[in-house]
Amino acid sequence: MQRKKPGPWQRWLLDQYELYGWVWADARRYLEGAATKYLGRYQRSLDNLMARTGAQYVPGPRGGRWGGRYVRPSDPLTNPADGASVEAGGDRK
(Lines give C-alpha, C1' and ligand atoms only; values in the text may rest on other atoms or scores of the structure.)
Protein backbone atom coordinates (compact mmCIF):
# COMPACT_ATOMS: atom_id res chain seq x y z
CA MET A 1 0.00 0.00 0.00
CA GLN A 2 1.38 3.38 -0.99
CA ARG A 3 1.56 6.08 1.67
CA LYS A 4 -0.31 9.26 0.81
CA LYS A 5 1.24 12.68 1.03
CA PRO A 6 0.30 14.72 4.11
CA GLY A 7 -2.83 16.81 3.71
CA PRO A 8 -3.04 20.55 4.43
CA TRP A 9 -3.64 20.07 8.17
CA GLN A 10 -0.70 17.68 8.52
CA ARG A 11 1.55 19.99 6.49
CA TRP A 12 0.57 22.86 8.80
CA LEU A 13 1.41 20.69 11.85
CA LEU A 14 4.77 19.78 10.34
CA ASP A 15 5.50 23.48 9.73
CA GLN A 16 4.66 24.26 13.36
CA TYR A 17 6.79 21.37 14.57
CA GLU A 18 9.77 22.52 12.50
CA LEU A 19 9.34 26.17 13.49
CA TYR A 20 8.81 25.76 17.24
CA GLY A 21 10.18 22.28 17.91
CA TRP A 22 6.93 21.05 19.47
CA VAL A 23 3.16 20.78 18.91
CA TRP A 24 0.29 20.13 21.30
CA ALA A 25 -0.54 16.45 21.67
CA ASP A 26 -4.30 17.02 21.86
CA ALA A 27 -5.95 17.71 18.49
CA ARG A 28 -8.78 19.59 20.26
CA ARG A 29 -6.43 22.55 20.68
CA TYR A 30 -6.36 22.99 16.91
CA LEU A 31 -9.98 22.28 15.96
CA GLU A 32 -13.02 24.50 15.94
CA GLY A 33 -16.46 24.51 14.41
CA ALA A 34 -17.69 21.51 12.45
CA ALA A 35 -14.23 19.91 12.49
CA THR A 36 -14.72 18.98 16.16
CA LYS A 37 -17.17 16.28 15.01
CA TYR A 38 -14.16 14.47 13.54
CA LEU A 39 -11.91 14.77 16.59
CA GLY A 40 -11.04 11.06 16.63
CA ARG A 41 -9.83 11.14 13.05
CA TYR A 42 -7.78 14.28 13.61
CA GLN A 43 -6.27 12.79 16.77
CA ARG A 44 -5.25 9.60 14.96
CA SER A 45 -3.82 11.71 12.16
CA LEU A 46 -1.78 13.78 14.63
CA ASP A 47 -0.52 10.71 16.51
CA ASN A 48 0.47 8.90 13.31
CA LEU A 49 2.21 11.96 11.88
CA MET A 50 4.25 12.50 15.04
CA ALA A 51 5.15 8.80 15.15
CA ARG A 52 6.50 9.09 11.61
CA THR A 53 8.59 12.14 12.53
CA GLY A 54 10.06 10.41 15.59
CA ALA A 55 8.68 13.03 17.97
CA GLN A 56 8.60 12.20 21.67
CA TYR A 57 5.35 12.49 23.64
CA VAL A 58 5.67 14.43 26.89
CA PRO A 59 2.56 14.34 29.13
CA GLY A 60 1.16 17.56 30.53
CA PRO A 61 1.83 18.79 34.07
CA ARG A 62 -1.11 16.80 35.42
CA GLY A 63 -0.27 13.73 33.35
CA GLY A 64 -2.84 14.19 30.62
CA ARG A 65 -2.93 14.74 26.91
CA TRP A 66 -4.50 18.22 27.03
CA GLY A 67 -1.31 19.81 28.34
CA GLY A 68 0.95 17.25 26.67
CA ARG A 69 3.20 17.96 23.74
CA TYR A 70 5.10 16.21 21.01
CA VAL A 71 8.69 17.46 21.08
CA ARG A 72 11.93 16.85 19.26
CA PRO A 73 13.75 14.17 21.24
CA SER A 74 17.15 15.89 21.12
CA ASP A 75 16.16 19.52 21.76
CA PRO A 76 16.78 20.49 25.43
CA LEU A 77 14.89 23.79 25.07
CA THR A 78 11.63 22.14 24.08
CA ASN A 79 11.98 18.80 25.84
CA PRO A 80 11.29 19.03 29.58
CA ALA A 81 11.98 15.30 29.89
CA ASP A 82 15.68 16.14 29.62
CA GLY A 83 15.54 18.03 32.92
CA ALA A 84 15.50 21.52 31.43
CA SER A 85 12.49 23.76 31.76
CA VAL A 86 11.76 26.92 29.86
CA GLU A 87 9.75 29.69 31.45
CA ALA A 88 7.44 31.92 29.43
CA GLY A 89 10.15 34.57 29.26
CA GLY A 90 12.61 32.16 27.67
CA ASP A 91 14.93 31.76 30.68
CA ARG A 92 16.24 28.29 31.42
CA LYS A 93 16.24 27.05 34.98
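Here, residue 1 is the first one in the sequence, and each next residue gets the next number.
- The CD atom of E18 sits 8.5 Å away from atom OG1 of T53, with the distance rounded to the nearest 0.5 Å.
- Nearest approach of V23 to L13, heavy atoms of both residues: CG1-O, 3.8 Å.
- Listed by first and then second residue, the side chain to side chain donor-acceptor pair (under 3.5 Å) pairs that reach into residues 34-43 are Q43-D47, sequence neighbours excluded.
- Pairing each heavy atom of G67 with each of P61, the nearest pair is O-CD, 4.2 Å.
- In terms of heavy atoms, G64 sits closest to Y57 at O-OH, 3.4 Å.
- At least one donor-acceptor pair closer than 3.5 Å links the side chain of R65 to the backbone N or O of A25.
- To the nearest 0.5 Å, atoms CG (L46) and OH (Y70) are separated by 5.5 Å.
- Pairing each heavy atom of G54 with each of P73, the nearest pair is O-CG, 3.3 Å.
- When all heavy atoms of Q10 and S45 are compared, the closest pair comes out as NE2-OG, 2.8 Å.
- W66 carries R29 over the face of its six-membered ring, with the cationic atom under 6.0 Å from the centre and within 45° of the normal.
- Shown here for G68 and W24, the closest heavy-atom pair between the two residues is O-CE3, 3.5 Å.
- Within the model, atoms CG of D26 and CZ of R69 stand 14.0 Å from one another, a figure rounded to the nearest 0.5 Å.
- Seen from the ring of Y17, R72 counts as a face-on cation partner, given the 6.0 Å and 45° thresholds.
- Taken from CG in L19 to CG in L14, the straight-line distance is 12.5 Å, to the nearest 0.5 Å.
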